[in-house]
Amino acid sequence: MKFTVREATEQDIPGIIQCAAETWHDTYEDILGPRTIAAELAEYYNQQAIANHLKRPNSTFLVAEYKSQIIGFAQAYDHGPLVELARLYVLPRYQRKG
């Protein structure tokens, strides 16, 4: 499977939101429950929140695409000598595919 990784743009926001929703439900639903996940997604993965993260200084926000579909995303913050990986999500059906 060959996929592309590139810097995210505002046009990617709907795909990022969709990817976040699928991965959060798959990963956390048994732990947090659907209501808590819905609240977290509404707060942290809405259009404006993601747009703000795309513009954040010292931040890199990447998306992975396969056949023009966003299948994952990652965000990292540069803290000088350290880099913090803040988010890394891949759609469940694409995990462990290389």
Restricting to side-chain contact (heavy atoms from CB on, under 4.5 Å), what partner residues turn up for L88, sequence neighbours left out? A74, L85

Closest non-hydrogen contact found for Y45 with A20 is CD2-CB, 3.4 Å

What I'd like to find out is whether the side chain of E65 reaches to under 4.5 Å of the side chain of I71, using heavy atoms alone. no

Closest heavy-atom contact between V83 and A76? CG1-CB, 3.9 Å

CZ of R87 to OG1 of T23: how many Å apart, nearest 0.5 Å? 11.0 Å

Closest non-hydrogen contact found for Q11 with P14 is O-CD, 3.6 Å

May I ask you to decide whether E10 forms a salt bridge with K55, counting only side-chain N to carboxylate O separations under 4.0 Å? yes

Output all residues satisfying side-chain hydrogen bond (donor to acceptor under 3.5 Å, both in side chains) with N52, sequence neighbours left out; order by chain, then residue number. Q48

side-chain contact (heavy atoms from CB on, under 4.5 Å) filter on V63, not counting sequence neighbours, yields R6, A8, D12, I16, I70, F73

Here the gap from H53 atom NE2 to F61 atom CZ, rounded to the nearest 0.5 Å, amounts to 7.5 Å

Listed by chain and number, what are the side-chain hydrogen bond (donor to acceptor under 3.5 Å, both in side chains) partners of Q18, not counting sequence neighbours? E22

Partners passing side-chain contact (heavy atoms from CB on, under 4.5 Å) against S59 (at least two apart in sequence or in another chain): R56, Q75, Y77

I50 with I37, same ILVMFWY side-chain cluster at under 4.5 Å: yes

When rounded to the nearest 0.5 angstrom, what distance separates OH in Y28 from CD in E40? 10.0 Å

The reported gap from CG in N46 to CD1 in I13 (rounded to nearest 0.5 angstrom) is 9.5 Å

Quick check on the hydrophobic clustering: are Y89 and L54 connected, directly or via other members, by side-chain heavy-atom contacts under 4.5 Å? yes

ring-ring contact (aromatic ring centres under 6.0 Å, His included) partners of Y66, counting only residues at least two apart: Y94

Ignoring hydrogens, what is the shortest heavy-atom contact between L91 and Q69? Give both atom names and the distance. CD1-NE2, 3.7 Å

Minimum heavy-atom distance L32-W24, with the two atoms named: CD1-CZ3, 4.3 Å

